[in-house]
There are 2 protein chains.
Amino acid sequence: MTARARPVPRYVEIRERLESAIVSGEWPPGHRLPSEMQLAEEFGCARMTVSKVVAGLAEAGLVTRRRRAGTFVARPQPQETTLRIHSIPSEVRALGRSYRFEVLSRSERNADPAEAEQLGVRAGTLILALEVLHRADEAPFALEQRIINLKSAPEARAEAFDDEPPGAWLQALLPWTDAEHHILALNADPAIAARLDIAEGSACLRDDRRSWHGGAVVTHVRLTYPGERRLVAHFHAPGGRLKTGGGAAG
Amino acid sequence: MTARARPVPRYVEIRERLESAIVSGEWPPGHRLPSEMQLAEEFGCARMTVSKVVAGLAEAGLVTRRRRAGTFVARPQPQETTLRIHSIPSEVRALGRSYRFEVLSRSERNADPAEAEQLGVRAGTLILALEVLHRADEAPFALEQRIINLKSAPEARAEAFDDEPPGAWLQALLPWTDAEHHILALNADPAIAARLDIAEGSACLRDDRRSWHGGAVVTHVRLTYPGERRLVAHFHAPGGRLKTGGGAAG
DNA sequence: GAGTGGTCTAGACCACTGA
DNA sequence: CAGTGGTCTAGACCACTCA
């Protein structure tokens, strides 16, 4: 009773059939799908095979399932999407431009109240503060102002950041398990304008990011991009699943 | 031989044990995991149970699998994250503020070259152009400039957009299957400054979004937010999986 | 109470590929 | 060629919940 040739797995075919019925509108939102037993009979396979497929559809948000009631085509999701943010070196290289970075300043000190709040620790905690300029084809691409919690990452004290920017170095040492981003626009103050070689007052894109490893805050990084810099993202539904990650355009 | 009480599924426990060994560093990147048979024996369960778990870890990017070679802890992923962008009404309500929108202008016409390029259609295509102001507690929250391809969504001609903003209405009619975002910062020109009630030249956050349904471009929308507006997102690794979607903060 | 999804078992065959 | 992952089967018990 086992299939001889199986070039394409059974569950792929089943998934495609069900997805097609849903996105085509043949099964409109709210429509009840056949039960797992019925589907198994219809496709001539074991119940567990269709079970895995339908569970996958549910995880992707295409259907919702309720015991005893059955499986239903989900209502179209609220307009919601996800935007991928890549590391700066990979962004620059994806643009076909040469990447370089330089450490503008470095200071080891106790966190002042503002820094402590950014990091989510108490004032006085020992930190490493870095200012890094990322360049694309030598032109300023982004200004990075980072503070690192030396309690979480004491290895940073001995690191010169000659080869790798702090972000990549930290990611290799302590990959973040939790992160929080705040993205906003702001007018360049004189300091930022000078660093990024743009006019004072011109619009900039800012990404404030706090990262945890396990329960401990590791770092806070403030990235400031010239305003014309774009975050680009492509998406593919259904289920809000992503097709391609974001590139970038100057 | 079946477990009597199963308050927490077996696979959850197994997944947690494996995840923990990976993120804690007990199994460093490159480490080879026990084979499925060994794991099944170790956990005292069927091979398929651990197989599903490890397949899930692989999908999440925590491990990589090669036939005959085995399963290995993956290298830390490049620093990369996803940012959720919610619909404006839900963003406003998530802030605990009252939501209201008004249609500022509406025009049905043939696309000029610029609009045609935004929409990715040829000039002359019949479009509906809308300007919508979204308000939070009556204060301007975002300016929406939208063009709708009337070839794709002819129903829009008859819609007054009294109850629902165009985004939500379109999403219900033709949920997007593909989308492309461009996010940037810009200085408010006089028109935007007037609409958003902000000073001319102050920084704004812009999201240009083009949406497809199937193969056809349905709409292009340009959202402009006052600069102090924030896009907020929380993430939880491992595997880059999301814990909570983005809220927002003024 | 009956039917649904959720989970699990103890096998099996296969394709692939590194030792 | 032996061991791995990838898939599948034909059962099973359970929790839940709606009719």
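In what follows, every chain begins at residue 1, and chains take the letters A, B, ... in the order their sequences are listed. Just so it is clear, the structure is predicted and the values come from calculations on it, not from any experiment.
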_If you assign each of V12(A) and E36(B) to its closest nucleotide in DNA chain D, which residue comes earlier from the 5' end?_
E36(B)
*asked:* For K52(A) and R67(A), find the nucleotide of DNA chain D closest to each by heavy atoms; which residue's nucleotide sits nearer the 5' end?
replied: K52(A)
Could you tell me how far apart [X] ([atom1]) and [N] ([atom2]) are, to the nearest whole angstrom?
X	N	atom1	atom2	value
M48(A)	dT7(D)	CE	C1'	11 Å
F43(B)	dT9(C)	CZ	C1'	17 Å
L39(A)	dG6(C)	CG	P	13 Å
E13(A)	dT7(D)	CD	P	14 Å
R66(A)	dG6(C)	CZ	P	12 Å
R32(B)	dG3(D)	CZ	P	11 Å
I14(B)	dT7(C)	CD1	P	12 Å

Of the listed nucleotides ([options]), which one gets closest to any side-chain atom of [X]?
X	options	value
R65(B)	dG18(C), dT9(D), dG6(D)	dG6(D)
S35(B)	dG5(D), dT7(D), dT9(D)	dG5(D)
A46(A)	dT4(C), dT9(D), dG5(D)	dT9(D)

Is any side-chain heavy atom of [X] less than 4.5 Å from a side-chain heavy atom of [Y]?
X	Y	answer
H220(A)	S211(A)	no
T64(A)	T71(A)	no
W176(A)	H213(A)	no

*Check: dG5(D) base within 3.5 Å donor-acceptor of R47(B) side chain*: yes
*Does R68(B) make a side-chain donor-acceptor contact with the base of dA2(D), cut-off 3.5 Å?*
yes
*Does dT9(C) have OP1 or OP2 sitting under 4.0 Å from an N or O in the side chain of T49(B)?*
yes
_Is Y11(A) close enough to dT7(D) that one of its side-chain N or O atoms is under 4.0 Å from OP1 or OP2 there?_
yes
*Can a salt bridge be assigned to the pair R209(A) and E180(A) using a cut-off of 4.0 Å between side-chain N and carboxylate O?*
no
_So that I can tick it off, tell me whether E144(A) and R222(A) are bridged by a salt bridge, with the cut-off set at under 4.0 angstrom between side-chain N and carboxylate O._
no
_Under 4.0 Å, heavy atoms only, any strand: does S51(A) hit a base, just the sugar-phosphate, or nothing?_
base
*Give one of base, sugar-phosphate or nothing for M37(B), where a contact means two heavy atoms less than 4.0 Å apart.*
nothing
